[in-house]
Amino acid sequence: MTRPLNVLRFPGIHPDTLGHYLSGLGLLAAVGQKWPDVRGCWRDRRFVLVHETLTEEKIRQHLLAEWQPTKYERWWAAAQASKDDAELWSERKDRSVTEVKVMEAHLIGTKQNYFNPIFGDGGALGRRKFADVWVTCRKLAKPVRQSRKKTTSTPKANTTKPTKKTQAQIKAEAWLEVALSATDHLELPAFKSAGTWFVFANKSFNTGQDWCREKGLLSPWSYLLAVEGAFLLVGDVNCRLGAKARPYAVFPFVCDPAQPTTAGEAGMLRGEFWAPLWDNPATLAEVRHLLRRGLARVGGRSAHAPAEFAVAALGAGTDAGVAEFARFELRHTTTTDYCREAIPREHVTVGREPAAGRLLTEIVNWVGALRRHDDNRERQFRGLCGPVEAAVIQVSAAIGSPEEPENWRQLLLELARQQTRIDRNKPFRESLPPLPRLRTGWFDRAWPEGSFGDEIAVARSVASVGAGTPSPVIVNVFGVETEGRKVPVFAPGERPARVVWDDGQPVRVLGQVLRRRLIDAERGQPLPVGGTQPAPLDAVNRLLVGGLDPELIASWVPALALIDWTGVRASSSPAGVRFAGELLLWGLFRPIFHESPHRLFEWLPEETQPAHARRILHLILAGGMDEAVRAAKGYYRAVGRHVVDVPVAMPGGDDLSPRLAAALLIPAADPDIRAGLNRWLFPEKLTTA
């Protein structure tokens, strides 16, 4: 039989800052000392306690009168300063279990001390001393009661009066209400060194301006509860499997810092804390167990970088019960020796979209390689990993929101940009691998339900050229080798001559790709110009008449070339475009540039003739349109077909040649190509037996 439970909601405890999040853990720890069966969880990003008999009034009375916060004393400070791990462990064995757990929330010693970035360097950050702030807050939150003087007179029966509260006690009760309920009707005390966890309590928010607020305002109860909660983040020493494995220190849901995205961030990032938010009520023992297990996993290994945490969260590869992660970036906001703050960042929902997590897992190892490369020397900014990591986290945080497709598009562009940087830098090529081929699900995420324009359709079509053959178009964009390989590798030495993609005029670059692919074609083999994603005929026509943005097309071809389009053929709608002008001219040439012309018409030769296609393309690019038309007519006449005469004045003007060459690279549907050539052919006479 179900029993009714009291649900107590505390609006003042939320994950908007690290301090307020830790206050939720601290409140559960404080209340759980007296009521072990109380349960806590996060609902609508506010902390909630669940119990059969508890009320908010009982909780307040317990905190004010009975609760004794865990004593915060940095007894390890002297041993830490000696930098001798043996001395620290020697003093550790004489301490109580509670004191040892407090120390292990700050640092873990193996052969050297490893510090929890949440507590700084063993409980101090420059002039900020966490224990000193705790002592001040405890005096304000739990003032010493004034004892009454004894009198010799006998008190009268039934006339006892309640103890009169002092002004300090009245303020303490009001500050507790502020910490739990977020009321703002009372002036709060000022603190100088509470801004590490409570960023709003910083002096001037570290803006560097002359006009500023000297001290931050904060309820002392918020800090007391935050410290109590932070003591639950006890570290440990783990060891990987293997004969050469070394032990390493870990703290719950703490990972390495993100790589900097700008040169000014180099050396300023110290770590990240991914605060778990669970929506099923859990006891204090269960929360301790969750924090003790607090390592997310990617594949078969631990996630130690922010992007890996994000990918693990999407794929539900995290500790059971976590519904969401609140990401906090632990960074120096002014100097590297002082003012480290927990800056709130994105929220990532756990297990919302496992399919998206599987897609992002494809690049995890590659991002890890960039990270190791950028970590070689601190403060030397390379900018390879940081922008990619940031884009991955943005995608993870936006899953299910209207911004999700745009974030996927930004990630694709960032991947192409970094691959281009690596490809054009010889030392990078020698030390870093190229991206693995991505699945087509990346495109579906970036443009769900076909929500893309003609420019993207053309770019996708060009990116699919050569899919399923030993030389997909990616080998003309990046200096990689794919033949016989599941994962591409960079070609040794200098970039191969087949890499012709550059930052020149977009339509001319597309023509260069077509010319290079025809140069590499072999007689009798299918021309390497076919693709699995034919573009709509209307998009081809708009490119020919100058109605598309070539810059947009060129910006997307490298990104979409990273996707493996093998075996995925896009459906094409019937052509509803009238063949006239430039499109009519395209219809004359396009069958000659088909990967297998015999597939279009049985009367076309089975054996391909790349030399003839190269000659016509050369004439087009050189501006000899009349000569190109005569060459095409000769091609069809050689197989017994005649075409109509061409008018003297060619359409399109002087810039038609590069646009026509670019259009001839774009894969199109076979029915559209047939329809274009049929407009030129003389009808055959019907013969009767």
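Side chains are part of it too, since the values below use all heavy atoms of this structure and drop only hydrogens, waters and symmetry mates.
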Measure the shortest side-chain to side-chain distance between [X] and [Y] over non-hydrogen atoms and say whether it is less than 4.5 angstrom.
{"X": "Trp35", "Y": "Leu54", "result": "yes"}
{"X": "Leu8", "Y": "Val48", "result": "no"}
{"X": "Glu52", "Y": "Asn6", "result": "no"}
{"X": "Leu232", "Y": "Leu28", "result": "no"}
{"X": "Pro117", "Y": "Leu330", "result": "yes"}
{"X": "Thr349", "Y": "Phe325", "result": "no"}
{"X": "Leu107", "Y": "Asn116", "result": "no"}
{"X": "Ile13", "Y": "Arg46", "result": "no"}

The criterion is side-chain contact (heavy atoms from CB on, under 4.5 Å); which residues satisfy it with [X], sequence neighbours excluded?
{"X": "Ala391", "answer": "Leu411"}
{"X": "Ser181", "answer": "Arg60, Glu177, Thr183"}
{"X": "Arg92", "answer": "Trp75, Trp89, Val100, Met103, Glu104"}
{"X": "Gln394", "answer": "Glu346, Asn407"}

- Between Leu25 and Phe231, is a side-chain contact (heavy atoms from CB on, under 4.5 Å) present by the stated rule, with each step listed? CA-CA 9 Å; Leu25 302 182; Phe231 286 162; over 6 Å; no

- Task: For Gln418 and Glu414, run side chain to side chain donor-acceptor pair (under 3.5 Å): C-alpha distance rounded to whole Å, both residues' side-chain angles, the deciding distance at 0.1 Å, then the answer.
- Result: CA-CA 6 Å; Gln418 298 303 339; Glu414 193 60 50; 2.7 Å; yes

[X] [atom1] to [Y] [atom2] distance, which is reported to the nearest 0.5 Å:
{"X": "Gln68", "Y": "Arg138", "atom1": "CD", "atom2": "CZ", "value": "5.0 Å"}
{"X": "Cys137", "Y": "Leu218", "atom1": "SG", "atom2": "CG", "value": "6.5 Å"}
{"X": "Ile363", "Y": "Leu370", "atom1": "CD1", "atom2": "CG", "value": "9.5 Å"}
{"X": "Cys255", "Y": "His304", "atom1": "SG", "atom2": "NE2", "value": "9.5 Å"}
{"X": "Leu225", "Y": "Leu176", "atom1": "CG", "atom2": "CG", "value": "7.5 Å"}
{"X": "Ser219", "Y": "Leu188", "atom1": "OG", "atom2": "CG", "value": "6.0 Å"}

If you compare all heavy atoms of [X] against all heavy atoms of [Y], which two are closest, and at what distance to 0.1 Å?
{"X": "Gly12", "Y": "Ala182", "result": "CA-CB, 3.6 Å"}
{"X": "Ser396", "Y": "Ala310", "result": "OG-CB, 3.3 Å"}
{"X": "Phe328", "Y": "Thr17", "result": "CE2-C, 3.4 Å"}
{"X": "Gly383", "Y": "Pro387", "result": "O-CD, 3.4 Å"}
{"X": "Leu22", "Y": "Ala226", "result": "CB-O, 3.5 Å"}
{"X": "Phe130", "Y": "Ile118", "result": "CZ-O, 4.0 Å"}

Can a salt bridge be assigned to the pair [X] and [Y] using a cut-off of 4.0 Å between side-chain N and carboxylate O?
{"X": "Arg9", "Y": "Glu56", "result": "no"}
{"X": "Glu286", "Y": "Arg39", "result": "yes"}
{"X": "Arg45", "Y": "Glu324", "result": "yes"}
{"X": "Glu341", "Y": "Arg331", "result": "no"}

When the ring centroid of [X] is compared with that of [Y], is the distance short of 6.0 Å?
{"X": "His106", "Y": "Tyr114", "answer": "no"}
{"X": "Trp42", "Y": "His14", "answer": "no"}
{"X": "Phe198", "Y": "His20", "answer": "yes"}
{"X": "Tyr21", "Y": "Phe47", "answer": "no"}
{"X": "Trp274", "Y": "Phe309", "answer": "yes"}
{"X": "Phe115", "Y": "Phe251", "answer": "no"}
{"X": "Trp197", "Y": "Phe119", "answer": "yes"}

Quick check against the 3.5 Å criterion: does [X] have a side-chain atom that pairs as donor or acceptor with the backbone of [Y]?
{"X": "Thr136", "Y": "Asp132", "value": "yes"}
{"X": "Lys142", "Y": "Leu63", "value": "yes"}
{"X": "Glu228", "Y": "Thr70", "value": "yes"}
{"X": "Glu99", "Y": "Arg95", "value": "no"}

- Message: Pair Arg327, His347 - check side-chain contact (heavy atoms from CB on, under 4.5 Å), show working.
- Response: CA-CA 6 Å; Arg327 177 190 175 214; His347 285 238; over 6 Å; no

- State, without any angle test, whether Glu57 and Gln61 hold a side-chain donor-acceptor pair at a distance under 3.5 Å. yes

- With distance as the sole criterion, is a donor-acceptor pair present between the side chains of Glu173 and Gln169 under 3.5 Å? no

Neighbour count above 12 (heavy atom, 6.0 Å) for [X] [atom1]:
{"X": "Asp44", "atom1": "CG", "answer": "no"}
{"X": "Lys71", "atom1": "NZ", "answer": "no"}
{"X": "Glu73", "atom1": "CD", "answer": "yes"}

- Message: Test side-chain contact (heavy atoms from CB on, under 4.5 Å) on Glu329 and Arg270; report intermediate values, then the result.
- Response: CA-CA 8 Å; Glu329 191 177 64; Arg270 310 310 300 172; over 6 Å; no

- Message: For Trp221, give me all partners under ring-ring contact (aromatic ring centres under 6.0 Å, His included), at least two apart in sequence or on another chain.
- Response: none

- Message: Please determine whether side-chain contact (heavy atoms from CB on, under 4.5 Å) holds for the pair Leu27 and Ile59, giving the CA-CA distance in whole Å, both sets of side-chain angles, and the decisive distance to 0.1 Å.
- Response: CA-CA 9 Å; Leu27 179 62; Ile59 291 176; 4.3 Å; yes

- Note on the structure: By side chain to side chain donor-acceptor pair (under 3.5 Å), Ser401 pairs with (sequence neighbours left out) Glu403

